Structure formats: structure tokens, C-alpha cells
Student: 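Dumping the structure here so I can ask a few things about it.
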Amino acid sequence: MSDKREEQAQTDEQQVESVEQLAEENDAAQDAQPDAEIEGQNEVGQQVYELQNALNEAQNTIKDQQESVLRARADMENARRRAEAEVEKARKFALERFAGELLPVIDNLERAIEVSDANNDAIKPLLEGVEMTHKSFISTIEKFGMKLINPQGEQFNPELHQAMSMQESAEHEPNTVMAVMQKGYEINGRLLRPAMVMVSRAPDSGVDTEA
């Protein structure tokens with residue numbers, strides 16, 4: 001009888017120990033679960049941090065590349081403008097030189113017309129040919145921006161006229177162009193050659209070449 005009681009006691013004791021062991025394992029599992037969650041959260045946080053850094057680096061790279069593209073475009077635009085300005089400058093310089101070389105030809109045609117006798121039937125056809133050539137020549141150069149300066153009867157302008165002589169005149173206001181000795185020309189708004197003129201003056205006074 002006592003042996004049965006002892007066996008029953010041992011059995012009960014083993015059951016208690018089993019229950020206690022299960023309880024301890026359950027507690028250990030519950031204690032380990034928050035640690036696993038924290039570790040998982042740390043890993044996620046680290047990944048987010050790394051992804052954020054990668055995103056920032058990519059954005060900085062894109063920004064640098066955009067700035068490089070903008071600088072390159074600005075440099076190209078500046079280079080294009082400089083090239084266009086140089087080409088335009090060279091074109092104007094070449095045109096001015098060419099136009100300057102043409103002025104003596106125009107002067108000679110005008111002198112030929114001035115000294116010719118229009119009443120002489122022998123040279124009348126030749127004179128008409130020279131006049132037509134002169135008119136055609138003037139029309140052609142005007143198409144390229146050349147403009148005649150013929151200030152007869154106008155006020156003297158030192159920016160466009162060159163006073164070669166002065167003469168007293170009661171018929172003209174002081175500083176009036178009385179005669180044009182040689183016509184002037186400008187091209188595209190730039191003075192190519194000033195008109196050489198005779199300027200009127202009042203008695204005992206000179207031309208105001210600074211007016």
C-alpha cells in the first residue's frame with residue numbers, strides 16, 4: 001500500500017515538474033519574442049537608412065548632372081553668340097572695306113558727269129551712258145546699306161561733315177553748308193566717309209565745328 005502511495009507521489013511530482021518546465025519554457029519564449037521583434041525592427045530601420053542614403057546620393061548625382069548640362073548649354077549658347085558676333089563683325093568690316101574701295105569709282109563717275117557738256121551732241125550718248133551707270137551703281141550700293149550724305153543747304157554736322165573752308169554769306173544762316181565739295185557716305189549707320197563741305201559764317205565769326 002505504501003509502495004503505491006510512493007509511486008503515486010512520484011507520478012504527481014513528475015507531473016508538477018513537467019508543468020513547471022512547460023511554464024518556464026513558455027516564459028522563456030515570451031521573453032525571447034520582444035527581443036526578436038526589436039532585432040527585426042532594427043534590421044528594417046537599418047535598411048531604410050541605407051535606402052535613404054542611396055536615394056540622397058542619387059538625387060545629388062542627378063542635380064550635379066543637371067547643373068553640368070545647364071552649364072554646358074550656357075557655354076554653347078555663349079560660344080554661338082560670340083561666333084555670330086565675330087562673323088557679323090568680319091562681314092561688316094569686309095563690306096566697309098569693299099565699299100570704301102568703291103567710293104573713288106563713284107567720285108570719278110560724278111566728275112565725268114559734271115565736266116561733260118550736255119549740249120554737245122557728239123558726247124551726249126556717252127554722257128547718258130555714264131549717268132545710267134552712275135544711277136545703277138548708286139542703286140546697287142544702297143541695297144547693301146550704303147547711304148549718300150549730300151548736305152547741301154543743311155546745318156553743319158561735325159559728326160557727318162568735314163569743313164574744308166568757311167565763307168561769309170548774308171544769304172545763309174551761320175554754320176550752313178553752302179557747297180559740297182565731295183559727297184559723304186555711311187553704311188549700316190556707320191560713317192564711311194564724311195562729306196567735305198564749305199560752310200557759311202557771319203561776318204567776323206567762324207564756323208562752330210563743335211555744334
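What you are looking at is a predicted structure, and each value in this text was computed from that prediction instead of being measured.
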Student: Side chain of Ser200, backbone of Thr176: donor and acceptor closer than 3.5 Å?
Tutor: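 Yes; judged by distance alone, with no hydrogens or angles, the pair exists.
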Student: Can you check whether Asn157 reaches Val177 side chain to side chain, under 4.5 Å on heavy atoms?
Tutor: no
Student: Measure the shortest side-chain to side-chain distance between Gln162 and Met164 over non-hydrogen atoms and say whether it is less than 4.5 angstrom.
Tutor: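 Result yes, sub-4.5 Å side-chain heavy-atom pair found.
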Student: With a 4.5 Å heavy-atom cut-off, do Leu148 and Ile138 have their side chains touching?
Tutor: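 No, too far: nothing below the 4.5 Å cut-off.
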Student: Going from CZ on Arg73 to CG on Asp75, what distance comes out if it is rounded to the nearest 0.5 angstrom?
Tutor: 12.5 Å
Student: Mind checking whether Gln182 and Pro194 have side chains closer than 4.5 Å, heavy atoms only?
Tutor: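 Answer no - side chains too far apart.
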Student: Would you mind writing out the side-chain donor-acceptor pairs for residues 118-137 within the sub-3.5 Å range, not counting sequence neighbours?
Tutor:
{"from": "Asn120", "atom 1": "OD1", "to": "Ala122", "atom 2": "N", "distance (Å)": "2.9"}
{"from": "Thr133", "atom 1": "OG1", "to": "Gly129", "atom 2": "O", "distance (Å)": "2.8"}
{"from": "His134", "atom 1": "NE2", "to": "Glu110", "atom 2": "OE2", "distance (Å)": "3.1"}

Student: Which heavy-atom pair separates Val197 from Pro151 by the least distance, and what is that distance?
Tutor: CG1-CG, 3.8 Å
Student: To check you understand the geometry: which heavy-atom pair defines the closest contact between Asn188 and Phe144, and what is its length?
Tutor: OD1-O, 3.9 Å
Student: Under a 4.5 Å cut-off applied to non-hydrogen side-chain atoms, are Asn60 and Glu57 in contact?
Tutor: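 Sidechains of Glu57 and Asn60: no contact.
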Student: What distance separates Asn175 CG from Met166 CE, expressed to the nearest 0.5 Å?
Tutor: 9.5 Å
Student: Take atom CD in Glu50; do more than 12 heavy atoms of anything else shown fall under 6.0 Å from it?
Tutor: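 Yes, the 6.0 Å shell around CD holds more than 12 heavy atoms from other groups.
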Student: Phe156 and Met196: same hydrophobic cluster, using ILVMFWY side-chain contacts below 4.5 Å?
Tutor: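 As far as the 4.5 Å side-chain criterion goes, Met196 and Phe156 are not connected within one cluster.
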Student: Should we say atom CD of Glu67 is surrounded by more than 12 heavy atoms from elsewhere, each under 6.0 Å from it?
Tutor: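 Yes, because the 6.0 Å sphere around CD of Glu67 holds more than 12 heavy atoms from other groups.
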Student: Please tell me if the side chains of Asp107 and Arg193 come closer than 4.5 Å, counting only heavy atoms from C-beta onward.
Tutor: yes
Student: Going through the distances and angles, do Arg111 and Asn108 end up as a side chain to side chain donor-acceptor pair (under 3.5 Å)?
Tutor: CA-CA 5 Å; Arg111 291 191 188 98; Asn108 290 334; 3.0 Å; yes
Student: So does Glu77 have more than 12 non-hydrogen atoms from other groups sitting under 6.0 Å from CD?
Tutor: yes
Student: Rounded to the nearest 0.5 Å, how far does CE of Met198 lie from OG of Ser169?
Tutor: 10.5 Å
Student: To the nearest 0.5 Å, tell me how far His172 NE2 sits from Gln167 CD.
Tutor: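 Reported value, rounded in 0.5 Å steps: 9.5 Å.
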Student: Roughly how far, to the nearest 0.5 Å, is the CG atom of Leu191 from the CD1 atom of Ile149?
Tutor: 5.5 Å
Student: Are any non-hydrogen side-chain atoms of Glu186 and Arg190 less than 4.5 angstrom apart?
Tutor: no
Student: Identify the heavy atoms of Met146 and Ala99 that sit nearest to each other, and give their distance.
Tutor: SD-CB, 3.4 Å
Student: If I take atom CD from residue Gln66 and atom CD from residue Gln59, how far apart are they, to the nearest 0.5 angstrom?
Tutor: 10.5 Å
Student: Would a hydrophobic clustering, with Ile, Leu, Val, Met, Phe, Trp and Tyr connected at side-chain separations under 4.5 Å, put Leu103 with Ile187?
Tutor: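 Looking at the clustering, Ile187 is in the same group as Leu103.
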Student: Output yes when a side-chain donor or acceptor of Gln152 lies under 3.5 Å from a complementary backbone atom of Met178, and no otherwise.
Tutor: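 Side chain of Gln152 to backbone of Met178, a donor-acceptor pair under 3.5 Å: yes, one is there.
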Student: Can you find a heavy atom in the side chain of Tyr185 that is under 4.5 Å from one in the side chain of Ile106?
Tutor: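 Counting from C-beta outward, Tyr185 and Ile106 do come under 4.5 Å.
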